[in-house]
Structure formats: structure tokens, C-alpha cells
Chemist: 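Dumping the structure here so I can ask a few things about it.
Protein chains get the first letters and strands the later ones, always in sequence-line order, with residue 1 at the start of each. Predicted model only: the values in this text are computed from it and were never measured.
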Amino acid sequence: MEQEVGEQVDEQLERMAAGSIDFVGLQELRPRLTEALNAGRPLRVKLGMDPSAADLHVGHSVTLEKLRVFQELGHTPIFLVGDFTARIGDPTGKNKARPPLEPEQIRANAQTYVDQVGKVLDADRAEIRFNSEWMDAMSPTDFVRLCSRYTVARMLERDDFAKRYREGTAISVHEFLYPLVQAYDSVALQADVELGGTDQLFNLLVGREIQRDYGQPPQAVITLPLLVGTDGKEKMSKSVGNTIGLTEPPQEIYGKTMSISDSLMADWIPVLSFGRWDDLEASVSGGAEDPLSVKQELARRLVDRFHGEGASSGAEAHFRQVIQQGRAPDEVPEVEIPLGSDGDAGLLDVMRQALGLASNGEARRLVSGGAVRLDEQRIDDPKVRLPAGEYLLQAGKRRYARVRLTSEP
RNA sequence: GGAGAGGUACCAAAGCGGCCAAAUGGGGCGGACUGUAAAUCCGCUGGUUUUACCUUCGGAGGUUCGAAUCCUCCCCUCUCCA
């Protein structure tokens, strides 16, 4: 029996560590895990996210997948929605303070997070918590006491703060509070382990110290690689606009994946694999394989991962038709536009309405750029007027609308 | 509280009385090329009824025929001193 638990511990630790960048407190975790297994008590594993945007994306899925591994190992996954911390704004990796969010926005985002987490995790068996639960209840006195546990000098050790301080960009005092609140969350949740992206290392480590101060054994910290966004440059993030959202339609996930560079694909595969895509990892590291078909396979698997097995076939067909062959998709949004007394309408107006463009100027630019087709014929003259009838309007490769111009009786 | 330096379009950054709807770079959007891409090249990137007009250079006033540019007050950021 003793022997068996020992083996189990090794096996579990190995799965916990797989694909991670840092694993702080591994040695302390070993006896703790052994004890937990013997007592039949699951570890409490925390993963926090701020509801700063409405959508979780593939980048978030990296840590979520790891949390799922813990769930599979029988531990308690705690998904912490940082509705309080969102009001502070995580300064990590930022060169300026984040604008704080409106409470309603935070609440709305938090709700969608909970829904989206179910795409990766068995949400029914996960503990889902909000840090406003204890933070709103904390008295100012207790809050100041929390702040007294850490020093400014140590705060300034953090790379992004140090950099901003050096460069003379503003650091507001409240930004220092963020790591402390995140750390206190671990106290409140009595976390045994906390997960995060590598950029979270500092915050996660503060958690260890604060837990010690509050008389708790410090959590183990596991960091995972950050996923570079579709632009191939910056970390995937909503504000940069280089994300693939977990809830995006299959053809979007597929298309965006296909649009990444071949070299980025090589970065993505090991990060997203979780030991499940040995074949893809092999073909990438081998390097010999045709990148197009590898990327298509990656796109298929991502679609299937978030939309369920088989969801990718439609997305792939759509991609082949619209992007590779440049033909109209099967489903084109239909727009009906009533004509005024003139009996016809200007092309630019029609484009703006049918394609949702910001202005006629934008429509004009598309026309002069040679991007616009009407019933498959390229249009060069922005002054064209269209009489009543039905048209297939196209701007660029991907924007289509079937427009019906109707004359009003 | 004192002294100084700044706030320019999505971002960075030039401009410092008219030639400024504002250089340049990045980003974005198109086009060409391609195996999807990337890279590269080309075009566009405030609005409108587009040879012109309207709104824009932190905010509000003022000087001037004319202001992003000069003056006054205010707000914000940074540095040094206290």
C-alpha cells in the first residue's frame, strides 16, 4: 500500500509538471500530496482569471487544460473569477495602467467566463469562486494589514514595474495592490497549488509569502508557457486583438489558425498539445512534412477541441471554398435595403449598410483598392448607382452580402 | 509646496504662426505574389454631396486676416527638490 501511494505520487507529479515552465515548491508538494492521497483528501488547485474581456481564448485554454489535468487526477479545481481584481486591473506585462472596468461589464464578463470554462473543464465538478466574496467583506484595517506584509522595494523587483519605473511611465499605487489581492485569494481559498502563465510568476510567488504570513503552508506554483497570438509577435490577448476565442464559430477558429505563420505553428503545437498530439509534435520537430497539411490538421483539432468532434469538417469545407478557391460561401447574409424615391441607390451607401462599414469613405477606399465585386464583376467606379434588384456584393476575400434593393410602393 | 520637461490621429513619434487632415514607423484594411500562411512589393488608413467643405493635435478661453504651433487659466504625466 505504502509503495503504491509512492508510485502514484510520482506519477501525479510528473503529469502536473508536464509542459510547465516553472514548478516552485515541488519538493514541499511531494509530502503534502502523499499525505493527501493517504487521507483521501484532494488538493485544492487554483487558477484565477480576471473578467477583463468577454471572451476566453485559446491562450487561456493552456492553463485551463492544466487545471483539467488536476481534475482528472482527482483534485479540486478552483476557477477563481477575479471580479474584484478586475476593478484594479492586472498590471502584468503592461507599459501602462489598465483602465478599470465598469461593474456591470465585469459582472457580464464573469458570467460568460463561467459558461466558457465548461468548454475545457467539467464545470459541475469544479469549484467556481469570485474574489469579491472575501475582498468586499474585508475591512480597510485588514486591508492595510495585508499591504503591510510586502515592501515597495520587493514590488519594484518585478520586471514590468522596474521597467516602467526606469522609463518614467506612470505606476499608480493601486497597481501594487494587485499582487497582494491575488496572493490573499490563495489564503482565502487555502490553495495547495496555483497555476498561471509564466508572466504570472511574480504574482504567484507573492501568494506563497502571504500564505506563510497568514500561517498557511505555501502553495506550489506551476507556470505554463504563454501562447503567442495569431500575429506571431505578442502574447495572445484581447487588447492586442490577436486572439482566437473559445466560443468563436468553427470556421473562424479554423480560418484564424490557418492564417498563422508556419513558424508560429511550430510554437503552438507543443504548447497546445498536452501530450495528446504526439503525431503533430513529431511532424513539426521533424520539419520534413508539408506545412499546409500539418496546419490544416492543427486547425481541425482546435475546432474539434472547442466545438466537439466532427465540427471541423464544415469549417474546412468553408475555408477551401472561400479562401482557397475564392468563391462565395454557402451561407451569405442577406440584407434588404429599401430604395428611396430615386429608384436607385449609390453603391457606397449599399456597401456601408450591407457590410456594416463605418463610413462611405471606407467603402470608397475598398472600391478604389479593387476589392469590390458585384455579381462577380469587379467595380472600379465608386459612383455607380444600383437599380432595384438582387446583387451578390463582395469586399475582399471574406466579406459577402446578398443585397436586395426593393423599391418602396 | 517649489523648479523643470511634457500631453499630437489606433500606437509610437515629428511638426512649433499660413505650403497641416498633420512627416515617418508600427498596426489595421485592401491588392499582387503563394501551398494556407509568413516574408516581400503596391495602395489606402477623420467625415461628407470629395478640384471643395466640415470636425480633429489634453480642456476652456484669448491674440491674429490665419493657431497643433503664440498668450491665459485649468486638468493629467514624468524628473528633481521639500
Chemist: Which nucleotide, if any, forms a Watson-Crick or G-U wobble pair with B:U40, using both distances under 3.5 Å?
Modeler: B:A32
Chemist: Between A:Tyr214 and A:Tyr184, does the ring centroid distance fall short of 6.0 Å?
Modeler: yes
Chemist: Before you tell me yes or no, could you show the steps for A:Gln219 and A:Ser186 under side chain to side chain donor-acceptor pair (under 3.5 Å), namely the whole-Å CA-CA distance, both residues' side-chain angles and the distance that decides it to 0.1 Å?
Modeler: CA-CA 8 Å; A:Gln219 62 189 4; A:Ser186 292; 2.8 Å; yes
Chemist: With sequence neighbours excluded, what pairs up with A:Arg404 under the salt bridge (Lys or Arg N to Asp or Glu O under 4.0 Å) test?
Modeler: A:Glu334, A:Glu336, A:Glu390
Chemist: Inspect the surroundings of CD in A:Glu157 and state if more than 12 heavy atoms from other residues, nucleotides or ligands are less than 6.0 Å away.
Modeler: yes
Chemist: Using a cut-off of 4.0 Å on non-hydrogen atoms, how would the nucleic acid contact of A:Lys256 be classed: base, sugar-phosphate, or nothing?
Modeler: nothing
Chemist: Checking A:Asp267 now: which residues fulfil salt bridge (Lys or Arg N to Asp or Glu O under 4.0 Å) with it, not counting sequence neighbours?
Modeler: none
Chemist: Are any of the side-chain nitrogens in A:Arg208 or A:Glu194 under 4.0 Å away from the carboxylate oxygens of its partner?
Modeler: no
Chemist: Whole-Å distance between B:C29 P and A:Leu355 CG?
Modeler: 15 Å
Chemist: With ring centroids as reference points, do A:Phe161 and A:Phe202 lie under 6.0 angstrom apart?
Modeler: no
Chemist: Could you identify the nucleotide paired to B:U63, looking across every strand shown and requiring Watson-Crick or G-U wobble geometry with both distances under 3.5 Å?
Modeler: none
Chemist: If you measure from the Lys or Arg side-chain nitrogens to the Asp or Glu carboxylate oxygens, is any gap between A:Arg373 and A:Glu376 under 4.0 Å?
Modeler: no
Chemist: For a quick check under 3.5 Å, do A:Gln200 and A:Asn203 share a side-chain donor-acceptor pair by atom type?
Modeler: yes
Chemist: Both distances below 3.5 Å, Watson-Crick or wobble geometry, any strand: find the nucleotide opposite B:C57.
Modeler: none
Chemist: What does nucleotides 75-82 of chain B look like as a protein-contact string, B for base, S for sugar-phosphate only, - for none, at under 4.0 angstrom between heavy atoms?
Modeler: --SS----
Chemist: Protein-nucleotides 30-36 of chain B N/O pairs closer than 3.5 Å?
Modeler:
residue, atom, partner, partner atom, Å
B:G30, OP1, A:Arg399, NH2, 3.1
B:G30, O5', A:Arg399, NH2, 3.4
B:G30, O2', A:Gly369, O, 3.4
B:G35, N2, A:Leu292, N, 3.0
B:U36, O2, A:Met258, O, 3.0
B:U36, O2, A:Lys295, NZ, 3.0
B:U36, N3, A:Asp262, OD1, 3.3
B:U36, N3, A:Lys295, NZ, 3.0
B:U36, O4, A:Asp262, OD1, 3.0
B:U36, O4, A:Asp262, OD2, 2.8

Chemist: Could you measure between the two C1' atoms, the one in B:U8 and the one in B:G58, and give it in whole Å?
Modeler: 10 Å
Chemist: Provide a list of protein-nucleic acid N or O atom pairs under 3.5 angstrom, restricted to nucleotides 48-51 of chain B.
Modeler:
residue, atom, partner, partner atom, Å
B:U48, OP1, A:Asn360, N, 2.9
B:U48, OP2, A:Gly361, N, 2.9
B:U50, O4, A:Arg364, NE, 2.4
B:U50, O4, A:Arg364, NH2, 2.9

Chemist: Would you list the atom pairs, donor with acceptor, under 3.5 Å between side chains in residues 353-363 of chain A and any protein atom, with sequence neighbours excluded?
Modeler:
residue, atom, partner, partner atom, Å
A:Ser359, OG, A:Gly361, N, 3.3
A:Ser359, OG, A:Glu362, N, 3.1
A:Asn360, OD1, A:Arg352, NE, 2.4
A:Asn360, ND2, A:Asp349, OD1, 3.2
A:Glu362, OE1, A:Ala358, N, 3.0

Chemist: In whole angstrom, what separates A:Asp231's CG from B:A37's C1'?
Modeler: 14 Å
Chemist: Suppose we define a pair by two distances each less than 3.5 Å, Watson-Crick or G-U wobble; what does B:C78 pair with here?
Modeler: B:G4
Chemist: Tell me yes or no: between the side chains of A:Lys295 and A:Thr257, is some donor less than 3.5 Å from an acceptor?
Modeler: no
